[in-house]
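Notes follow the structure.
Note on naming: letters A, B, ... go to the chains in the order of the sequence lines (proteins, then strands), and numbering restarts at 1 for each one.
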Amino acid sequence: MDFGKIEKKWQKIWKAKKFYKTKDKISGKKNFYHLVMFPYPSGNLHIGHWYNFAPSDIFARFKKMSGFNILSPIGFDAFGLPAENAAIKRNIHPKDWTYKNIKTMSKQLESMGNMYDWSREIITADPQYYKWTQWMFLQLYKKGLVYKKKAPANWCPKCHTVLANEQVISGQCERCDSQVIQREIEQWLFKITDYADKLLKDLDDLDWPEKTKTMQRNWIGKSEGTEIEFKINDSEFKINIFTTRLDTIFGCTYLVMAPEHSLLKNNKLGINNYEEVKNYLDQAKNKSDLQRTELQKNKTGVELKGIKAINPFNNEEIPVYVADYVLGYYGTGAVMAVPAHDQRDFEFAKKYKLPIKQVICQNYPSPICPILEKAFTENGHLVDSKNFTGLTPQKAREEMANWLEKNKVGKKNINYKIRDWLVSRQRYWGAPIPIIYCDKCGIIPVPEKNLPVKLPNVKNYLPTEEGKSPLAHSKKFINTKCPQCGAQAKRETDTMDTFVCSSWYYLRYADPNNSKKFADPKKIKAWLPVNMYIGGAEHSVLHLLYARFLTKVLYDLKFINFKEPFASLKHQGIILGPDGQKMSKSRGNVIDPDELVRQFGSDCVRMYLAFMGQYDQGGPWNPTGILGIKRFLERIWNSKNIIKNQKSWVKNADIEKLFHQTIKKVSEDIENFQFNTAISALMVLLNEVEKHKNSLSISHYSLFLKLLAPFAPHLSEELWQKLENKKSIHLESWPKYNPELIKEKEFELIIQINGKIKDKMFVNSGISQQKAQEIALNSEKIKSAISPDQKIKKIIFVPDKLINIVI
RNA sequence: GCUCUCGUGGCGGAAUUGGCAUACGCGCGGCGCUUAGAACGCCGUCCCGCAAGGGUUAGAGGUUCAAAUCCUCUCGAGAGCACCA
C-alpha cells in the first residue's frame, strides 16, 4: 500500500481549502493556544525536529476534536549567530542562506501533515517583525530597563562578539565551543535583575516540569544573608562584605576583595605595595572564566600591605587581601574569610599561612573541638564567640543581625546570582539596536514612528576583531540625523541578541500582520497566555527565562493583562544518533526524515516517534520498531474489508466494553502526553477486533477511525471518506465513553499469603471482604499452604483487587 | 563540588502511582500458506525446574500485611550550574 500517495493527496486538499486557517473566535468553543518552539532555519529538518513537531500535533488535533478552537502556528527564528556563521562558511550572504533554508524547511514541515495555520507564519528577520522587536527595546528603554556600560564582558574570539551569561557554557561559547575571554567593551544590557524576585516567586504557580523550575530557581540563585561594614584603620574608607554565615564572624581572620573592586582602582586605600597589587589586578583581568575556574585548587592573592580592617564584633584588626577567587559582580565584591568554616577560605589560609579559628563546634559544651583537615560546614554550636557562644548557627544569625542593625554597621540583605542580560552583539545578522548618538544631545532612542531601523543589505558582513559590528563599515547606515536637534548623528551599529527576537514571538502569532501594533489587544486577549508550550529543555535558563521577563515587563507597562507567557510547558526528549551521540553533520549520524517518509509514509513516521517511548525521554534513534507501526497501519488499511465482507453482525459485550475502555485510555493518555501507551491501546483494540470480526459494526469502525485521526491524520481521513462521509474526519468530535459500559462485572481476585500470591480466582466485582475471605479460605491452594498450627493474624482486603492473609 | 533526573527481558518500553512485574511493539524460534522466498496468519518466547514449585526490576540494607514504586548507602548513566561567600 502506497501511503505516500494518499498523504500527498490530502495535504494538497487541505492546503487548497485552507483547512487549518484559524478563526479568532468560534461561537460555543473555547480558544486553546498550542505552541511548539519555532525552529531555527539551520538547513534541513532532522528527525529531532520531527520528534518535536509530530507528537505535539497529535495533542493539538486531539484538543481540536475535543471541542477547542485551536491556534497552532509555525514560523522561523531567523536571525542569529549560527545561521550567520554557516553562511560565512559557505560564502553566502546570511539573508540568502536563511531564506533558502526557510523554503526547504517549510516544504519538509508541510510533508508532516500537521495542522499549522501557515497564514500566520512569522519570520523574525522580516522587517515587519523586527520593527516590533525594536519597539520592545524602546519600551524597556523608556522604563529604564536598558542601560549601556563599559565593563568586562564574555567575548568569544571566534564569533567576534560578546555573549550573554546564559550563553557561556563551562567557560565556552555556546555555539562554537571556543574559550570565552573577558574583554572590556561597551555593551547594552536589559535589567533582568530588577525582576529576579518576581521571576522566582511566580514559578510556584506554573504547570511546568519541576526540574525546569528548579533550574530557573538555581539560575536566579536567591541567597539571604547580611551585609556588614568593616572599617579600615586610620582611614575614612570602609569595605562592605556580604555573607550568609554571619554566625561564623568570630572566626573571620582576614578579608578578601575581588580584583574588580572599585576601592582598588588608583590606590584609593593608600596601600604600601600598590605596584605588586596592580600587577596582580592586570593578571586577573586577562584570565578567562575557564582559567579562573581551573585554578580553583590553586588559589592566588596578594595582601594589601599597610592597611587592616576592623571586625565590628570584636574590634580585631585583620589583614586584607585581593584574590580572584572572589567575584567582582556578586554581592559587594568583597567577603569576610572564615577558613575554619569555608573550604575556599580554608585552602587560601593554608597556602598563605593565615590563622584558622574554629567557632562552630560539634562537641559543645565540651571545650575540645576536633582538629580540622578541611572546613567544617555542618551544624553545631557557636564557640569562642563572646556572648553568642552556645547558640545554634540559625539563632546566632538572627541575634547577630539584630546587633548589627542596632549598631548601624550592617543589615540583612538578599543577593541573586542572576546577572543582567547582555543583549548587544557585534554581528551583522540581527535586529539593529534603535539608538542614535548625537554630539549635542547624547544617546537618543529612535522615535517609534521611524521604526523599523532596517538592516542594510551590505556586502561586507564579516565580523571584525576590533569588537565593532560589521555595520560600522556601512556609511549609509551609520550616518543619520539626530531626531531631537537635526544635527549630523551616528547610529548604534550593534545588533540584538537573537533571544530578544524570540522572547516575544508567541505574542505576535495572535496577530502576525499588524503594522500598527505588535498585536491587537483583543486578539492577544483571545489567545494568550499560551495554553500548552512544547520545546527542548535546553532553553530552561535561556529563552524560557527571557520570555517570562519580557512578559512581566509588558504586563507592568499595561500592554498585556497576564504575568506569565506559558501556562503549561512540556519538554520533548532529545533523539540521539544511532551511536548514542548527539546528532551532528560532522559525526555523520544525522537521520534524514525525508528518506523515512519516502519509505514508510509520514503517518507511520509520526506515529513511530510517538510510540518509541515516553515523550520527554528521547534516546538513541533505533529504527527497528518502525516496521511494527507499518504493519499496524497496513492492518488498519485492510480492516476496511472486514466491514465490506461482513454478512451478519453479532453483538459482543466484551468488544463493546473494550471500545469504551479504549476511548477512556486514549483520551487520558493523549492529555498526559503518553502517546506510546495510547497507541498500544489502539493496537490491543485492533487485535481483539480481528479475532471477532463479525462483532464489528460500521459505527464501531468509524469510532476507531476517530481515535486514530490525531495519530494518522491522512490514513484516517482516507478511510473515513471511503465510508462515504462528506465532511472531514478532523471536523468530527472526539468520542465519549460510557462509564457504565467500562465497568468490569468480574475481576480476578488475587489471594496472597504474607504478600505472596498463592491463588487467583474470578469473582463478581464489588464483593465484600466477608465474601472474599470465604472464597479465599476455601481455596484448595490456600488450605494446603496454611498448616493447622498456624494462626491467621490479620487479613487485608483491597476491594476489587486482592486479599492478603497474614499468618 | 553543588542541584536534579534515571537504572525493569536480547532490544524500544508498560505497570491504574504502594496492591497480579514484563502490557504493546521489535527481534528470535516453531508451524501454516508457498515450487521456493518475500509478505501474511497462528502458536511460543524473563530465569531455574520434567513437574509441583521457586526466583527475578543495577547491588546491599530498611519501612510495610504488601516495594520496580517510599527511605539510607554503594555502583553506573545522563542533564544543568559551577570559587555565588
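Base orientation for B:rG10: anti, the chi torsion being more than 90° from 0. Glycosidic conformation, B:rU34: anti, with the torsion outside 90° of 0.
Regarding contacts with the backbone of B:rU5, every side-chain N or O of A:Lys211 stays at 4.0 angstrom or more from both OP1 and OP2. The phosphate of B:rA85 (OP1 or OP2) has no side-chain N or O of A:Tyr325 nearer than 4.0 angstrom. The shortest distance between the side-chain N/O atoms of A:Lys582 and the OP1/OP2 oxygens of B:rG78 is not below 4.0 Å. For B:rC26, one of the phosphate oxygens OP1 or OP2 lies less than 4.0 angstrom from a side-chain nitrogen or oxygen of A:Arg631. The phosphate of B:rG80 (OP1 or OP2) has no side-chain N or O of A:Thr214 nearer than 4.0 angstrom.
Across all strands shown, B:rG9 forms no Watson-Crick or G-U wobble pair with both key distances under 3.5 Å. Nucleotide B:rA52 forms no Watson-Crick or G-U wobble pair with any nucleotide shown, as no partner meets the under 3.5 Å limit on both distances. Base pairing annotation: B:rA66 forms no Watson-Crick or G-U wobble pair, as no partner gives both donor-acceptor distances under 3.5 Å. Base pairing of B:rA23 is not made with any nucleotide, judged by Watson-Crick or G-U wobble geometry with both donor-acceptor distances under 3.5 Å. Base pairing analysis places B:rU3 opposite B:rA79; the two distances defining the Watson-Crick or G-U wobble pair are each below 3.5 Å. Here B:rC31 sits opposite B:rG41 as a Watson-Crick or G-U wobble pair (both hydrogen-bonding atom distances under 3.5 Å).
Taking a 4.0 Å limit (strictly below) on heavy-atom distances, residues 795-806 of chain A reaches RNA chain B at A:Ile796, A:Val798, A:Lys801, A:Leu802, A:Asn804, A:Val806. Listed by residue number, A:Asn676, A:Thr677, A:Ser680 are the residues of residues 664-680 of chain A with a heavy-atom contact under 4.0 Å to RNA chain B. Listed by residue number, A:Phe611, A:Met612, A:Gln614, A:Gly618 are the residues of residues 609-620 of chain A with a heavy-atom contact under 4.0 Å to RNA chain B.
If you measure from atom CD of A:Glu748 to atom P of B:rA21, you get 11 Å, rounded to the nearest angstrom. In this structure, A:Lys781 atom NZ and B:rA52 atom P are separated by 9 Å, rounded to whole Å. Atom CD of A:Glu744 is separated from atom C1' of B:rC20 by 14 Å (rounded to the nearest Å). Distance, A:Asn641 CG to B:rC40 P: 16 Å, rounded to whole Å. Between A:Glu634 atom CD and B:rG25 atom C1' there is a gap of 16 Å when expressed in whole angstrom units. Separating the NZ atom of A:Lys630 from the C1' atom of B:rC24 is a distance of 20 Å, rounded to the nearest angstrom. Per the geometry, NZ belonging to A:Lys758 stands 8 Å off P belonging to B:rG55, to the nearest Å. Taking atom NZ of A:Lys350 as the reference point, atom P of B:rC83 lies 24 Å away to the nearest angstrom.
A:Glu347 has no carboxylate O lying under 4.0 Å from a charged side-chain N of A:Lys351, or vice versa, which leaves the two without a salt bridge. Taking 4.0 Å as the cut-off between side-chain N and carboxylate O, A:Glu780 and A:Lys783 count as a salt-bridged pair. Salt bridge status for A:Lys411 with A:Glu229: absent, with no side-chain N to carboxylate O gap under 4.0 Å. A salt bridge links A:Arg217 and A:Glu210; the closest N-O separation between the charged side-chain nitrogens and carboxylate oxygens is under 4.0 Å. Ion pairing of A:Lys213 with A:Asp204 is absent here, as no side-chain N (NZ or NE/NH1/NH2) approaches a carboxylate O to less than 4.0 Å.
Each of A:Val541, A:Leu569, A:Leu206 was scored for a side chain to side chain contact (heavy atoms under 4.5 Å, CB included) with A:Thr212, with one residue passing: A:Leu569.
Side-chain atoms of A:Asn311 never come within 3.5 Å of backbone atoms of A:Ile318 as a donor-acceptor pair (strictly under, hydrogens ignored).
Taking atom C1' in both B:rG13 and B:rC6, the straight-line distance is 14 Å, to the nearest Å. One P atom belongs to B:rG76, the other to B:rC65, and the distance between them is 35 Å to the nearest Å. One P atom belongs to B:rG32, the other to B:rA77, and the distance between them is 49 Å to the nearest Å. Taking atom C1' on both nucleotides, B:rC48 is separated from B:rA14 by 25 Å, rounded to a whole Å. Comparing the same atom, P, in B:rU8 and in B:rA60 gives a spacing of 16 Å after rounding to whole Å. If you take atom P in B:rC31 and the same atom in B:rA38, they sit 13 Å apart, rounded to whole Å. Separating the P atom of B:rG10 from that of B:rA23 is a span of 14 Å, rounded to the nearest Å. Across B:rU16 and B:rG55, the matching P atoms stand 24 Å from one another, rounded to whole Å.
Among the nucleotides B:rG19, B:rU3, B:rA82, the one closest to any side-chain atom of A:Trp219 is B:rA82. Considering only side-chain atoms of A:Val326, the nucleotide from B:rC83, B:rC11, B:rA85 that sits closest is B:rA85. Residue A:Lys760 places its side chain closer to B:rC20 than to any other of B:rG12, B:rC83, B:rC20. If you check B:rC4, B:rC20, B:rC83 against the side chain of A:Ile757, the one that comes closest is B:rC20.
A donor atom on one side chain and an acceptor atom on the other are not found under 3.5 Å apart for A:Ser223 and A:Asn415. A donor atom on one side chain and an acceptor atom on the other are not found under 3.5 Å apart for A:Lys794 and A:Asn804.
Ring centers of A:Tyr352 and A:Tyr254: at least 6.0 Å apart, outside the cut-off. In this structure, A:Phe673 has its ring center under 6.0 Å from that of A:Phe675.
Among the heavy atoms of the strands, none lies under 4.0 Å from A:Arg217. Heavy atoms of A:Lys756 sit under 4.0 angstrom from primed sugar atoms or phosphate atoms, though from no base atom. Counting non-hydrogen atoms under 4.0 angstrom, A:Asn687 reaches the backbone sugars and phosphates but no base.
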* Determine, stepwise, if the pair A:Tyr737 / A:Phe659 fulfils ring-ring contact (aromatic ring centres under 6.0 Å, His included). => CA-CA 8 Å; A:Tyr737 65 90; A:Phe659 261 98; over 10 Å; no
* Take A:Asp800 and A:Ser765 through the side-chain hydrogen bond (donor to acceptor under 3.5 Å, both in side chains) test and state the conclusion after the steps. => CA-CA 6 Å; A:Asp800 286 1; A:Ser765 298; 4.7 Å; no
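In A:Lys222, the NZ atom is crowded: over 12 heavy atoms of neighbouring residues, nucleotides or ligands sit closer than 6.0 Å.
Between the side chain of A:Lys793 and the base of B:rC65, no donor-acceptor pair of N or O atoms lies under 3.5 Å.
RNA chain B is contacted by both A:Glu538 and A:Asn218; A:Asn218 maps to the nucleotide lying nearer its 5′ end (nearest heavy atom per residue). The 5' end of RNA chain B is approached more closely, in terms of each residue's nearest nucleotide, by A:Leu627 than by the other of A:Lys794 and A:Leu627.
The two atoms that bring A:Thr243 and A:Arg245 nearest to each other are OG1-N, 2.9 Å, heavy atoms only.
The structure places CH2 of A:Trp421 at 16.0 Å from NZ of A:Lys191, a figure rounded to the nearest 0.5 Å.
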